[in-house]
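What follows is a single structure, written as C-alpha coordinates, with notes after it.
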Amino acid sequence: LVGGAFGGAAGYVTERIEQARSYVASAYGDRVETEHRNAAEIAAAHRELKALADVTVRCEDPEEAEQLRQAMVAFLTHPPNTKCADCATKLAHRNEAWASVNLGVLVCVNCAAVHRSMGVAVSRVKSPVFDRWDATSARALLAGGNERARSLYLARLPRGYVEPTSRTDPEKLASFIRTKYVRMRWAEPELREATLGARKAAQEAAAEAQAARDRTQKKRPARKARPASGAQGGPARARPMPSLSS
(Lines give C-alpha, C1' and ligand atoms only; values in the text may rest on other atoms or scores of the structure.)
Protein backbone atom coordinates (compact mmCIF):
# COMPACT_ATOMS: atom_id res chain seq x y z
CA LEU A 1 0.00 0.00 0.00
CA VAL A 2 2.79 2.42 0.93
CA GLY A 3 4.65 1.64 -2.29
CA GLY A 4 1.53 2.14 -4.35
CA ALA A 5 0.76 5.46 -2.70
CA PHE A 6 4.34 6.63 -3.18
CA GLY A 7 4.32 5.61 -6.82
CA GLY A 8 1.04 7.45 -7.41
CA ALA A 9 2.38 10.60 -5.78
CA ALA A 10 5.58 10.42 -7.83
CA GLY A 11 3.55 10.02 -10.99
CA TYR A 12 1.40 13.02 -10.08
CA VAL A 13 4.47 15.18 -9.42
CA THR A 14 6.05 14.08 -12.69
CA GLU A 15 2.87 14.95 -14.57
CA ARG A 16 2.72 18.41 -12.98
CA ILE A 17 6.38 19.04 -13.84
CA GLU A 18 5.74 18.09 -17.46
CA GLN A 19 2.74 20.41 -17.56
CA ALA A 20 4.83 23.26 -16.13
CA ARG A 21 7.59 22.64 -18.67
CA SER A 22 5.04 22.62 -21.48
CA TYR A 23 3.53 25.89 -20.26
CA VAL A 24 6.93 27.58 -19.93
CA ALA A 25 7.98 26.41 -23.38
CA SER A 26 4.71 27.68 -24.90
CA ALA A 27 4.96 31.05 -23.09
CA TYR A 28 8.58 31.45 -24.17
CA GLY A 29 7.67 30.61 -27.76
CA ASP A 30 4.86 33.19 -27.73
CA ARG A 31 7.21 35.80 -26.29
CA VAL A 32 9.88 35.14 -28.92
CA GLU A 33 7.27 35.31 -31.67
CA THR A 34 5.93 38.61 -30.29
CA GLU A 35 9.42 40.09 -30.09
CA HIS A 36 10.16 39.05 -33.66
CA ARG A 37 6.86 40.54 -34.83
CA ASN A 38 7.55 43.81 -32.99
CA ALA A 39 11.06 43.95 -34.44
CA ALA A 40 9.65 43.41 -37.93
CA GLU A 41 7.08 46.18 -37.41
CA ILE A 42 9.76 48.58 -36.15
CA ALA A 43 11.98 47.77 -39.12
CA ALA A 44 9.07 48.33 -41.52
CA ALA A 45 8.26 51.67 -39.88
CA HIS A 46 11.93 52.64 -40.12
CA ARG A 47 11.96 51.80 -43.83
CA GLU A 48 8.80 53.85 -44.37
CA LEU A 49 10.34 56.85 -42.59
CA LYS A 50 13.47 56.49 -44.69
CA ALA A 51 11.30 56.55 -47.78
CA LEU A 52 9.85 59.91 -46.75
CA ALA A 53 12.47 62.03 -48.41
CA ASP A 54 10.44 64.43 -50.50
CA VAL A 55 9.83 68.05 -49.56
CA THR A 56 6.27 69.41 -49.63
CA VAL A 57 5.61 73.12 -50.17
CA ARG A 58 2.08 74.44 -50.43
CA CYS A 59 0.99 77.81 -51.79
CA GLU A 60 -1.70 79.18 -54.08
CA ASP A 61 0.51 79.12 -57.17
CA PRO A 62 1.47 75.50 -58.06
CA GLU A 63 4.38 76.69 -60.18
CA GLU A 64 5.81 78.73 -57.33
CA ALA A 65 5.32 75.80 -54.95
CA GLU A 66 7.31 73.53 -57.26
CA GLN A 67 10.09 76.10 -57.62
CA LEU A 68 10.36 76.44 -53.82
CA ARG A 69 10.32 72.66 -53.43
CA GLN A 70 13.20 72.25 -55.85
CA ALA A 71 15.10 75.10 -54.16
CA MET A 72 14.70 73.41 -50.78
CA VAL A 73 15.92 70.07 -52.15
CA ALA A 74 19.02 71.80 -53.51
CA PHE A 75 19.40 73.64 -50.20
CA LEU A 76 19.40 70.36 -48.26
CA THR A 77 22.10 68.85 -50.47
CA HIS A 78 24.37 71.91 -50.34
CA PRO A 79 27.59 70.62 -48.63
CA PRO A 80 27.62 73.03 -45.64
CA ASN A 81 24.03 72.01 -44.92
CA THR A 82 24.75 68.28 -44.86
CA LYS A 83 26.18 68.40 -41.34
CA CYS A 84 24.72 69.75 -38.12
CA ALA A 85 25.34 73.47 -37.65
CA ASP A 86 25.97 72.95 -33.91
CA CYS A 87 27.80 69.63 -33.46
CA ALA A 88 28.92 68.79 -37.03
CA THR A 89 27.08 65.44 -37.05
CA LYS A 90 26.80 64.13 -40.60
CA LEU A 91 23.27 64.46 -42.00
CA ALA A 92 23.51 61.54 -44.41
CA HIS A 93 19.84 61.63 -45.38
CA ARG A 94 17.59 64.64 -45.72
CA ASN A 95 15.07 63.20 -43.26
CA GLU A 96 17.81 63.17 -40.61
CA ALA A 97 17.95 66.97 -40.73
CA TRP A 98 15.86 69.41 -38.70
CA ALA A 99 15.53 73.04 -39.71
CA SER A 100 15.33 76.14 -37.54
CA VAL A 101 13.22 78.34 -39.78
CA ASN A 102 14.04 81.71 -38.21
CA LEU A 103 17.73 80.96 -37.57
CA GLY A 104 18.18 79.42 -41.01
CA VAL A 105 20.21 76.40 -39.86
CA LEU A 106 20.01 72.64 -40.28
CA VAL A 107 20.78 70.53 -37.22
CA CYS A 108 20.69 66.91 -36.08
CA VAL A 109 17.87 65.44 -34.01
CA ASN A 110 19.77 65.86 -30.70
CA CYS A 111 20.52 69.53 -31.27
CA ALA A 112 16.96 70.05 -32.53
CA ALA A 113 15.72 68.97 -29.09
CA VAL A 114 17.79 71.76 -27.52
CA HIS A 115 16.46 74.23 -30.08
CA ARG A 116 12.89 73.28 -29.17
CA SER A 117 13.63 73.83 -25.48
CA MET A 118 14.69 77.42 -26.21
CA GLY A 119 11.18 78.31 -27.36
CA VAL A 120 9.81 79.48 -30.70
CA ALA A 121 10.85 83.06 -29.96
CA VAL A 122 14.46 81.90 -30.35
CA SER A 123 14.22 78.90 -32.68
CA ARG A 124 11.22 77.55 -34.59
CA VAL A 125 11.99 73.95 -35.57
CA LYS A 126 10.45 72.00 -38.46
CA SER A 127 11.35 68.86 -40.35
CA PRO A 128 12.19 69.40 -44.03
CA VAL A 129 10.33 66.22 -45.02
CA PHE A 130 7.96 65.23 -42.20
CA ASP A 131 6.29 68.68 -42.07
CA ARG A 132 4.52 70.62 -44.80
CA TRP A 133 5.98 74.01 -45.65
CA ASP A 134 4.29 77.22 -46.71
CA ALA A 135 5.94 79.70 -49.03
CA THR A 136 6.87 82.14 -46.23
CA SER A 137 8.65 79.51 -44.11
CA ALA A 138 10.43 78.05 -47.15
CA ARG A 139 11.76 81.46 -48.19
CA ALA A 140 12.89 82.21 -44.63
CA LEU A 141 14.93 79.01 -44.50
CA LEU A 142 16.37 79.49 -47.99
CA ALA A 143 17.57 82.95 -46.99
CA GLY A 144 19.85 81.33 -44.39
CA GLY A 145 21.99 78.23 -44.40
CA ASN A 146 24.65 76.82 -42.10
CA GLU A 147 27.46 78.72 -43.79
CA ARG A 148 25.72 82.08 -43.49
CA ALA A 149 24.59 81.36 -39.93
CA ARG A 150 28.16 80.61 -38.91
CA SER A 151 29.29 84.00 -40.20
CA LEU A 152 26.51 85.63 -38.15
CA TYR A 153 26.41 83.74 -34.85
CA LEU A 154 30.07 82.71 -34.56
CA ALA A 155 31.67 85.85 -35.99
CA ARG A 156 33.47 86.60 -32.69
CA LEU A 157 34.27 83.02 -31.69
CA PRO A 158 37.81 83.04 -30.18
CA ARG A 159 40.51 81.48 -32.31
CA GLY A 160 41.32 77.99 -31.09
CA TYR A 161 37.94 77.53 -29.40
CA VAL A 162 37.09 73.81 -29.36
CA GLU A 163 33.58 73.48 -30.74
CA PRO A 164 31.35 70.59 -29.65
CA THR A 165 30.93 67.35 -31.57
CA SER A 166 28.45 64.49 -31.46
CA ARG A 167 30.54 63.00 -28.63
CA THR A 168 30.36 66.11 -26.46
CA ASP A 169 28.57 65.82 -23.12
CA PRO A 170 24.89 66.68 -23.71
CA GLU A 171 24.84 69.39 -21.03
CA LYS A 172 27.93 71.07 -22.48
CA LEU A 173 26.45 70.86 -25.97
CA ALA A 174 23.18 72.40 -24.78
CA SER A 175 25.10 75.18 -23.01
CA PHE A 176 27.03 75.92 -26.22
CA ILE A 177 23.83 76.11 -28.28
CA ARG A 178 22.10 78.45 -25.81
CA THR A 179 25.16 80.66 -25.58
CA LYS A 180 25.27 80.77 -29.36
CA TYR A 181 21.63 81.60 -30.06
CA VAL A 182 20.05 82.89 -26.84
CA ARG A 183 22.85 84.99 -25.36
CA MET A 184 24.43 85.44 -28.82
CA ARG A 185 27.79 85.77 -27.14
CA TRP A 186 29.83 85.36 -30.34
CA ALA A 187 27.55 87.23 -32.75
CA GLU A 188 28.33 90.60 -34.30
CA PRO A 189 27.37 93.37 -31.82
CA GLU A 190 24.87 94.97 -34.23
CA LEU A 191 23.08 91.68 -34.84
CA ARG A 192 23.13 90.85 -31.13
CA GLU A 193 21.63 94.19 -30.08
CA ALA A 194 18.97 94.11 -32.81
CA THR A 195 17.94 90.51 -32.11
CA LEU A 196 17.84 90.83 -28.32
CA GLY A 197 15.95 94.12 -28.64
CA ALA A 198 13.34 92.52 -30.90
CA ARG A 199 12.92 89.60 -28.50
CA LYS A 200 12.49 91.94 -25.54
CA ALA A 201 9.90 94.00 -27.41
CA ALA A 202 7.99 90.84 -28.34
CA GLN A 203 8.02 89.64 -24.72
CA GLU A 204 6.79 93.02 -23.48
CA ALA A 205 4.01 93.06 -26.08
CA ALA A 206 2.94 89.56 -25.07
CA ALA A 207 2.96 90.52 -21.38
CA GLU A 208 0.89 93.64 -22.09
CA ALA A 209 -1.62 91.61 -24.12
CA GLN A 210 -1.96 89.12 -21.27
CA ALA A 211 -2.42 91.95 -18.75
CA ALA A 212 -5.17 93.45 -20.95
CA ARG A 213 -6.95 90.09 -21.07
CA ASP A 214 -6.70 89.80 -17.29
CA ARG A 215 -8.16 93.31 -16.81
CA THR A 216 -11.04 92.51 -19.16
CA GLN A 217 -11.74 89.31 -17.27
CA LYS A 218 -11.89 91.16 -13.93
CA LYS A 219 -14.31 93.81 -15.28
CA ARG A 220 -16.90 91.28 -16.35
CA PRO A 221 -19.84 91.31 -13.89
CA ALA A 222 -20.48 88.14 -12.00
CA ARG A 223 -23.52 86.22 -13.13
CA LYS A 224 -26.47 86.37 -10.74
CA ALA A 225 -27.81 83.09 -9.46
CA ARG A 226 -31.13 82.16 -11.01
CA PRO A 227 -34.09 81.61 -8.69
CA ALA A 228 -35.09 78.03 -8.07
CA SER A 229 -37.68 76.81 -10.57
CA GLY A 230 -40.98 75.20 -9.64
CA ALA A 231 -42.57 72.18 -11.22
CA GLN A 232 -43.71 74.24 -14.27
CA GLY A 233 -40.42 76.07 -14.67
CA GLY A 234 -41.55 79.29 -12.91
CA PRO A 235 -40.49 80.62 -9.51
CA ALA A 236 -41.10 78.26 -6.63
CA ARG A 237 -44.21 79.20 -4.61
CA ALA A 238 -44.60 78.71 -0.88
CA ARG A 239 -47.18 76.11 -0.01
CA PRO A 240 -50.12 77.36 2.18
CA MET A 241 -50.04 76.30 5.81
CA PRO A 242 -52.76 73.83 6.76
CA SER A 243 -55.77 75.31 8.55
CA LEU A 244 -55.88 74.76 12.32
CA SER A 245 -59.67 75.17 12.53
CA SER A 246 -60.41 71.82 10.98
Side-chain angles (χ1 to χ4, degrees), residues 55-61 64-65 68 71-72 75-76 78 80-81 83-88 97-158 161 163-164 168 170-220:
V55 177
T56 302
V57 180
R58 290 186 172 181
C59 62
E60 295 181 356
D61 185 357
E64 180 185 9
L68 289 172
M72 284 192 63
F75 179 86
L76 293 170
H78 186 52
N81 298 334
K83 63 179 181 179
C84 177
D86 296 327
C87 73
W98 291 85
S100 172
V101 178
N102 52 320
L103 296 177
V105 295
L106 292 172
V107 296
C108 66
V109 64
N110 294 326
C111 292
V114 181
H115 278 253
R116 289 184 185 277
S117 70
M118 297 188 296
V120 294
V122 177
S123 182
R124 186 158 58 93
V125 179
K126 293 186 65 167
S127 168
V129 296
F130 300 143
D131 294 320
R132 291 186 175 92
W133 290 70
D134 54 56
T136 302
S137 298
R139 292 194 193 96
L141 180 63
L142 293 172
N146 290 0
E147 193 172 18
R148 182 174 184 274
R150 184 175 184 83
S151 67
L152 294 175
Y153 298 102
L154 296 179
R156 298 286 181 100
L157 189 70
Y161 185 94
E163 298 182 48
T168 301
E171 292 185 1
K172 292 183 179 179
L173 176 60
S175 177
F176 172 82
I177 294 173
R178 293 190 179 97
T179 303
K180 180 179 178 181
Y181 299 112
V182 179
R183 296 172 55 193
M184 302 184 68
R185 179 178 176 181
W186 304 297
E188 288 288 356
E190 297 80 4
L191 175 64
R192 182 175 183 273
E193 292 176 5
T195 303
L196 295 183
R199 289 177 188 170
K200 183 178 180 181
Q203 291 173 354
E204 291 175 351
E208 180 58 30
Q210 183 62 47
R213 287 192 293 268
D214 293 341
R215 289 193 297 268
T216 302
Q217 186 69 25
K218 290 181 180 179
K219 289 181 180 179
R220 291 180 181 175

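We number each residue from 1, following the sequence as shown.
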- Determine the minimum heavy-atom distance between A138 and M72, stating which atoms define it. CB-SD, 3.7 Å
- Minimal heavy-atom distance between N102 and A121, with the atoms involved, is ND2-O, 4.3 Å
- Query: Got a donor-acceptor contact below 3.5 angstrom from the T179 side chain to the S175 backbone?
  - Reply: yes
- Task: Compare all side-chain heavy atoms of L173 with those of V114 and state whether any distance is below 4.5 angstrom.
- Result: no
- CG (L191) and CG (L196) are apart, to the nearest 0.5 Å, by 8.5 Å
- Query: Would the number of heavy atoms belonging to other residues, nucleotides or ligands and lying under 6.0 Å from CD of E147 be above 12?
  - Reply: no
- Query: Atom CZ in R124, atom CG in L141: separation rounded to 0.5 Å?
  - Reply: 10.0 Å
- Let me see the working for I177 and M118 under side-chain contact (heavy atoms from CB on, under 4.5 Å), right down to the final yes or no. CA-CA 9 Å; I177 294 173; M118 297 188 296; 4.0 Å; yes
- Tell me, do R150 and P80 make a side-chain contact under 4.5 Å, heavy atoms counted? no
- Check: R178 and R183 side chains under 4.5 Å, non-hydrogen atoms: no
- Item | Heavy-atom side-chain contact between R199 and T195 under 4.5 Å | yes
- Item | Atom of W133, atom of S127 and distance for their closest heavy-atom approach | NE1-O, 3.0 Å
- Item | Beyond-backbone contact of L154 with Y161, side-chain heavy atoms, under 4.5 angstrom | no
- Non-neighbouring partners of Q210 that pass side chain to side chain contact (heavy atoms under 4.5 Å, CB included), sequence neighbours left out: R213, D214
- Message: Under the side-chain contact (heavy atoms from CB on, under 4.5 Å) test against W98, which residue among V105, V107, N110 passes?
- Response: V107
- Task: Test side-chain contact (heavy atoms from CB on, under 4.5 Å) on L103 and Y153 and set out the steps.
- Result: CA-CA 10 Å; L103 296 177; Y153 298 102; 3.4 Å; yes
- Which heavy atom in C59 sits nearest to a heavy atom in A135, and how many Å separate them? CB-CB, 4.0 Å
- Message: Is there a salt bridge (charged side-chain N to carboxylate O under 4.0 Å, His left out) between E208 and R215? Walk through the geometry before answering.
- Response: CA-CA 10 Å; E208 180 58 30; R215 289 193 297 268; 3.3 Å; yes
- Hey, does E163 have a side-chain heavy atom less than 4.5 Å from the side chain of L157? yes
- Query: If you look at every heavy atom in K83 and A88, which pair is closest and at what distance?
  - Reply: CB-O, 4.0 Å
- Query: Nearest 0.5 Å, what's the OH-CZ distance between Y181 and F176?
  - Reply: 7.5 Å
- Query: What are the two closest heavy atoms between D86 and C111, and how far apart are they?
  - Reply: CB-SG, 3.8 Å
